[in-house]
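Shown next, in structure tokens, is the structure this report addresses.
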Amino acid sequence: MEPNNDMILDISHIDVVFPTPKGAFQALKDVDLQINRGEYISIIGHSGCGKSTVLNAVAGLTETARGGVILNGREVTRPGPERAMVFQNHSLLPWLTAYQNVELAVRQVFGKTRSKAEQKDWIEHNLRLVHMDHAMHKRPSEISGGMKQRVGIARALSMQPDILLLDEPFGALDALTRSSLQDSMMEITAELNNTVIMVTHDVDEAVLLSDRIVMMTNGPAATVGEILDIPLPRPRERMALVEDPTYVHCRSEVLRFLYEKQRKVEAIERGKGETAKADARESKVA
Ligand SMILES: Nc1ncnc2c1ncn2[C@@H]1O[C@H](COP(=O)(O)OP(=O)(O)OP(=O)(O)O)[C@@H](O)[C@H]1O
């Protein structure tokens, strides 16, 4: 096979097993995924299937029991600023302003290599990218949820990570704020050509933003079920896409996958119910 020189991240056949009071729980089994530089990947799947666990393994927050995560040819063993994460619930320090929250990250990564003036310019540049320059001296309690999420994204971008890990970044926002952040994300990735892995539950969000959608099977022992290419040209305009046949097709492919998985779960549940009823009947007869 030809070597893939564009590949930045290799999630290579990973298993993740958690110890629980009831014994070992295998969350992921043989998850294998290669991501190219500049790609926007979404991970979608039913609740609890293991989407965040994949992201946490890439972040170096969760150990793998088998296989490994290789970023730029190096195995990931711990968290690092080259993998910046944004969570659903903004994790800003409440006593610091938006500017100071970003400054913390910039100091950590560039404290030794950039002058104070360069760091200031860089912090302001990143806050401008997410349209938060007007409120940079406000504390988290003085800004909306969407604005906090923008600051979280600025903080992640300011570290100039090789890869941006977004765990349902817009999940807690109302529909309008969510759309506006999705648009900002598309502008930013077009400008910076970031590599992104985003966990989402939202099919439209996944199709709008992604180059590929990774659809995961249900857990336990969840794995990559199907991968869907989204061949929509960029820039993408959400309103223009509503009736675009490629958009409609991609959307229905993801929905089909999710419904099929759901039907399987329901069939298994029904099967368990029937077995339980049969057991009960047998024990009565006995
Ligand atoms: N630290 C842990 N210890 C034990 N089990 C865990 C741990 N973390 C996750 N799990 C289990 O692993 C499975 C996958 O969890 P994960 O959070 O990755 O799913 P998810 O697809 O991101 O869920 P959601 O969509 O609801 O956020 C779940 O069954 C969860 O209960």
Side-chain angles (χ1 to χ4, degrees), residues 9 11-33 35 40-69 76-79 83-91 145 149 152-153 156 163-175 178 181-182 185 196-210 212-228 251 253-266 268-269 272:
L9 184 77
I11 301 173
S12 178
H13 301 283
I14 64 167
D15 287 2
V16 171
V17 179
F18 292 114
T20 75
K22 289 185 188 160
F25 173 79
Q26 178 153 19
L28 302 181
K29 185 170 165 46
D30 200 25
V31 171
D32 193 54
L33 178 67
I35 296 176
Y40 199 116
I41 301 287
S42 288
I43 303 182
I44 205 161
H46 285 285
S47 190
C49 71
K51 303 179 291 296
S52 298
T53 304
V54 173
L55 220 55
N56 289 338
V58 176
L61 296 167
T62 293
E63 263 183 48
T64 56
R66 195 177 73 96
V69 174
V76 164
T77 52
R78 63 173 81 89
R83 284 156 286 134
M85 198 139 174
V86 177
F87 299 95
Q88 174 173 2
N89 293 315
H90 23 79
S91 44
Q149 225 35 3
I153 293 169
I163 191 153
L164 207 51
L165 305 173
L166 311 178
D167 198 351
E168 289 187 58
F170 317 127
L173 306 174
D174 64 88
R178 192 179 180 120
L181 264 119
Q182 290 164 349
M185 208 58 220
V196 182
I197 310 181
M198 176 179 80
V199 165
T200 182
H201 279 118
D202 183 329
V203 176
D204 287 298
E205 175 171 289
V207 178
L208 179 68
L209 296 180
S210 311
R212 285 191 291 158
I213 300 181
V214 174
M215 297 177 269
M216 289 189 60
T217 62
N218 294 342
T223 194
V224 174
E226 290 177 29
I227 299 182
L228 181 71
R251 193 176 182 279
E253 280 298 289
V254 180
L255 287 172
R256 176 193 55 76
F257 177 89
L258 294 174
Y259 283 137
E260 271 171 17
K261 291 287 165 254
Q262 185 57 29
R263 274 212 301 274
K264 252 188 209 162
V265 171
E266 285 166 4
I268 292 168
E269 293 300 323
K272 276 187 196 157

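Counting convention: from 1, in listed order, for ligands and their atoms alike. Below, all heavy atoms of this structure are taken into account, side chains as well, without hydrogens, waters or symmetry copies. Just so it is clear, the structure is predicted and the values come from calculations on it, not from any experiment.
- More than 12 heavy atoms of other residues, nucleotides or ligands shown are found within 6.0 angstrom of CZ on Phe25.
- Put simply, CE on Met216 and CG on Leu258 are 12.0 Å apart, with the number rounded to the nearest 0.5 Å.
- Glu63 pairs by the salt bridge (Lys or Arg N to Asp or Glu O under 4.0 Å) definition with nothing, not counting sequence neighbours.
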Would you mind writing out a table of all protein N or O atoms found under 3.5 Å from any N or O atom of ligand 1, naming both atoms and giving the distance to 0.1 Å?
unit_1	atom_1	unit_2	atom_2	d
ligand 1	18 (O)	Ser52	N	3.4
ligand 1	18 (O)	Thr53	N	2.9
ligand 1	18 (O)	Thr53	OG1	2.5
ligand 1	19 (O)	Gly50	N	3.2
ligand 1	21 (O)	Gly48	N	3.4
ligand 1	21 (O)	Cys49	N	3.1
ligand 1	21 (O)	Gly50	N	2.9
ligand 1	21 (O)	Lys51	N	3.0
ligand 1	21 (O)	Lys51	NZ	2.8
ligand 1	22 (O)	Ser52	N	2.9
ligand 1	22 (O)	Ser52	OG	2.9
ligand 1	23 (O)	Gly48	N	2.9
ligand 1	25 (O)	Lys51	NZ	2.7
ligand 1	25 (O)	His201	NE2	2.9
ligand 1	26 (O)	Ser47	OG	2.7
ligand 1	26 (O)	Gly48	N	3.3

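- For the 3.5 Å distance criterion, the side chains of Asp30 and His13 qualify, holding a donor opposite an acceptor.
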Which pairs would a plain distance check flag for residues 163-173, meaning a side-chain donor or acceptor within less than 3.5 Å of a matching protein atom at least two apart in sequence or in another chain?
unit_1	atom_1	unit_2	atom_2	d
Asp167	OD1	Ser52	OG	3.4
Asp167	OD2	Ser52	OG	3.0
Glu168	OE1	His201	ND1	3.2

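- Taking Asp174 as the reference, nothing meets the salt bridge (Lys or Arg N to Asp or Glu O under 4.0 Å) condition, with sequence neighbours excluded.
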